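Written out below as structure tokens is the structure these notes cover.
All values below come from the heavy atoms of this structure, side chains included, with hydrogens, waters and symmetry mates left out. Computed from a predicted structure; not experimentally measured. Numbers for residues simply follow the sequence, beginning at 1.
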Amino acid sequence: MPTTASSTNSRTIPSQTAGAERKGRAVAREFPLERVRNIGIAAHIDAGKTTATERILFYTGRTHSLGEVHEGTATMDWMEEEQQRGITITAAATTARWDDHVINIIDTPGHVDFTVEVERSLRVLDGVVAVFCAVAAVQPQSETVWRQADKYRVPRLAFVNKMDRIGADFLKAVQSMRDRLGANAVPIQLPIGAEDSFEGVIDLVEQRAIIYQDVLGSDYEVGEIPEDYREQAAEYRLHLIEALADVDDQLLEKYLAEEPISTEEIKQAIRQGTVASMIVPVVCGSAYRNTGVQPLLDAVVAYLPSPLDRGNTVGRHPKTLEPIERAPSDDAPFSGLAFKVMNDPRMNQKLTYVRIYSGTLSKGMQVLNAAKDQKTNVGRVLRMHANKPEDLADARTGEIVAVVGLRDVATGDTLCDLRDPIAFENITFPEPVISMSVEPRSRADEEKLSTALARLRDEDPTFRVRYDEETGQTVISGMGELHLEIIVNRLLREFNVGARVGTPEVSYREALGKAARGEGRFVRQTGGKGQYGHCVLELEPLGEDHAGGFEFVDGTIGGVIPREYMRSIEAGVIEAAENGVLAGYPLVDFRATVVDGSYHEVDSSEIAFKVAGSMGLQDAARRSGVKLMEPIMKVEVVTPRDYLGDVIGDLNQRRARINAMNPSPGDTETIMAFVPLAEMFGYATALRSSSQGRATYTMEPARYQEVPASIREELLAKR
């Protein structure tokens, strides 16, 4: 007979700071490090990440009511913009407990304009729950998130969500992961039913069925696998064991010898394969229908790695660049990475989110910012539940906390012990592709605008601000129209700045046509001490692997230019490149090598060599034949087949290159194309019009390519 169970694995979280300080001494670690999980919830927009996170918080006792994204009541979507739009904009952190484990969770955005939030979160996480829609399966941002996780070698667990939706197909979603992501996706569960008949899951590891009894998902029945599903369950359990045989040699021997394999051996092999990123276990459910979330939590604590599983963190000495490793231990010297900076309007303070890799971070402690070689003092140490702070006396290895009081700390900076410095690898971010002008409405708004933009720039490394000397305007740049729209709304609402904004414009780039040599000579005689700087530069284009990059090399021999002037030449080259040569757009993707030059013992100065470097860059760039480059977007359109011709016709008018067309669920077609960003303004309205509102699209930056000659002339004429 089946047994009835409720969510008895959940734990109500008591105050995690109670008794944190007793007579100046912090209490011992409450959870051993092997019971800590640092995970992110990541996926394509509208796949159900935030809804899944809300259910996790409810079933672990962290919250006592179910927040809904569409109602604006989700705990993790605390910003006003998020609540109004029903999307996640900024990554939010929280902590929950399940089955005697502590789980630090970061809920990340799914919209491509906010991919920076995913990038910097994955940099510090130990595992990821990748959420997929059971109907749409792998979507464009799913691929982006997967690539980011590959970049940081983060183990993954897949959750196929929305099994209650019309068109839901679990096995098709799993196959989509294999085909589009190249993932070794291995189901460890099967759904019981689908669409309206979805009622629970089959646990292939424990060989049992979990059937939900109530709308809150708190009561579920655990029992034998239904007769109709036993054959399928036996088949996929065999597939599971075959996949694990490639991971675990002992399990392989038992499998070949046809010996019985225990549940514990299977669990151990799944964990081993997941931690090594050799397999991706796949579970399923419906977060909105409160089904399958508890087994998801069980899988998180059973299979995703702890900080101990991830091993030592590798860095370098900030001055000698000697490789150093930090063991994940409270007894090791403190080290952590600042991965997110946020201005909290409710607290009126700047919060710096830090992942602690070793040692202990305490309130009032002085730490070293290895990136800037500066000491800074720790004010408050906070554990965040979305935007609600909880004060801590100290934080230990493996924790993710927010710190108040850190000065001049930016995203990607390493914080460490003063006596044992270490610098971890920084975080790289994509270049912005779209710009608009912003002006204060009155003189009273000028200072407020400047302060607000500086704070927003501190928060978001993909948000740029520059002053255009030709037009006298402040120009802001970001990753897309939505990104800039939300920035402007925050200026108006959060910072109370009166501002006028221009229309969005494409962020073009300039690039070298070929390698070239140029000379910069700056000579001024005024009767007294003059100015003398002279350098010869060789410029050469960099490949696509260095997109947005710049390299500077001192190639001089014999001391023709003293080394103390090289930084000045580099500064001049960078300044000239930012202002461009052809049309005022930034010059990117090149290497500048100083090959020759001369100096004057009396008249040479840093400013003279800076000007010479700028002149040399402009001279060499003109000789190279500068190209104008435009951002190309990867666009994916899902449209009913009835409107396929109209949609393709419209894309062709936008200079699109159709890459592929694939059938999709529900008599729809998916078009994948590359389209210049300049042609995509207003596309949402045009697509709705041509498909009677039934088609949808997503786009993300793909690359830069040279602008066609006819359009180049138009752009140059405007500049």
Side-chain angles (χ1 to χ4, degrees), residues 40 76-83 85 87-93 106-124 336-355 369 371-372 376 379-380 382 384 386-389 400-415 426-436 438 448-466 474-480 482-497 499 501:
M76 305 302 280
D77 286 350
W78 59 269
M79 289 179 63
E80 188 176 349
E81 286 288 328
E82 293 177 315
Q83 293 169 354
R85 296 173 184 271
I87 62 171
T88 301
I89 294 169
T90 183
I106 297 182
D107 177 34
T108 65
H111 196 286
V112 67
D113 283 14
F114 311 107
T115 190
V116 60
E117 295 287 339
V118 185
E119 182 84 19
R120 58 186 176 187
S121 297
L122 288 175
R123 171 66 178 81
V124 299
L337 188 75
F339 67 96
K340 178 180 171 70
V341 176
M342 189 185 80
N343 293 285
D344 192 317
R346 297 176 63 174
M347 299 174 61
N348 196 28
Q349 290 176 315
K350 185 170 82 170
L351 303 180
T352 304
Y353 283 77
V354 178
R355 160 67 193 267
N369 181 348
K372 299 182 173 66
T376 184
R380 299 165 65 192
L382 308 172
M384 299 299 293
N387 64 331
K388 297 180 178 65
I400 295 175
V401 294
V403 181
V404 178
L406 298 180
R407 291 186 297 107
D408 300 323
V409 174
T411 299
D413 287 355
T414 299
L415 303 174
N426 210 327
I427 310 173
T428 56
F429 301 105
E431 291 291 312
V433 297
I434 191 169
S435 303
M436 66 166 58
V438 56
K448 289 165 66 176
L449 177 64
S450 176
T451 301
L453 290 176
R455 288 186 178 182
L456 291 169
R457 184 175 53 193
D458 286 345
E459 285 187 15
D460 187 349
T462 61
F463 173 62
R464 307 288 170 81
V465 182
R466 66 179 176 86
T474 298
V475 178
I476 59 176
S477 303
M479 298 304 298
L482 180 61
H483 187 195
L484 291 186
E485 183 183 333
I486 287 171
I487 289 285
V488 170
N489 286 347
R490 289 188 66 190
L491 284 174
L492 302 177
R493 292 179 180 175
E494 192 174 313
F495 296 95
N496 197 28
V497 177
V501 297

With rounding to the nearest 0.5 Å, note down the distance linking [atom1] in [X] to [atom2] in [Y].
X      : Y      : atom1 : atom2 : result
Asp458 : Met342 : CG    : CE    : 13.0 Å
Leu484 : Ile434 : CG    : CD1   : 6.0 Å
Thr411 : Glu119 : OG1   : CD    : 11.5 Å

Electrostatic pair Arg455:Glu494 at N-O distance under 4.0 angstrom: no
Ion pair Glu117/Lys340, N-O distance below 4.0 Å: yes
Which heavy atom in [X] sits nearest to a heavy atom in [Y], and how many Å separate them?
X      : Y      : result
Phe429 : Thr462 : CB-CG2, 4.1 Å
Thr352 : Ala338 : CG2-CB, 3.7 Å
Ile476 : Phe463 : CB-CE1, 3.5 Å
Leu351 : Met384 : CD1-CE, 4.0 Å
Lys350 : Val409 : NZ-O, 4.2 Å
Leu491 : Ala452 : CD2-CB, 3.5 Å

Do [X] and [Y] have side chains that get closer than 4.5 Å, going by heavy atoms?
X      : Y      : value
Thr376 : Asp408 : no
Arg120 : Pro461 : yes
Val438 : Val488 : no
Ile400 : Phe339 : yes
Tyr353 : Ile106 : no
Leu415 : Leu406 : yes

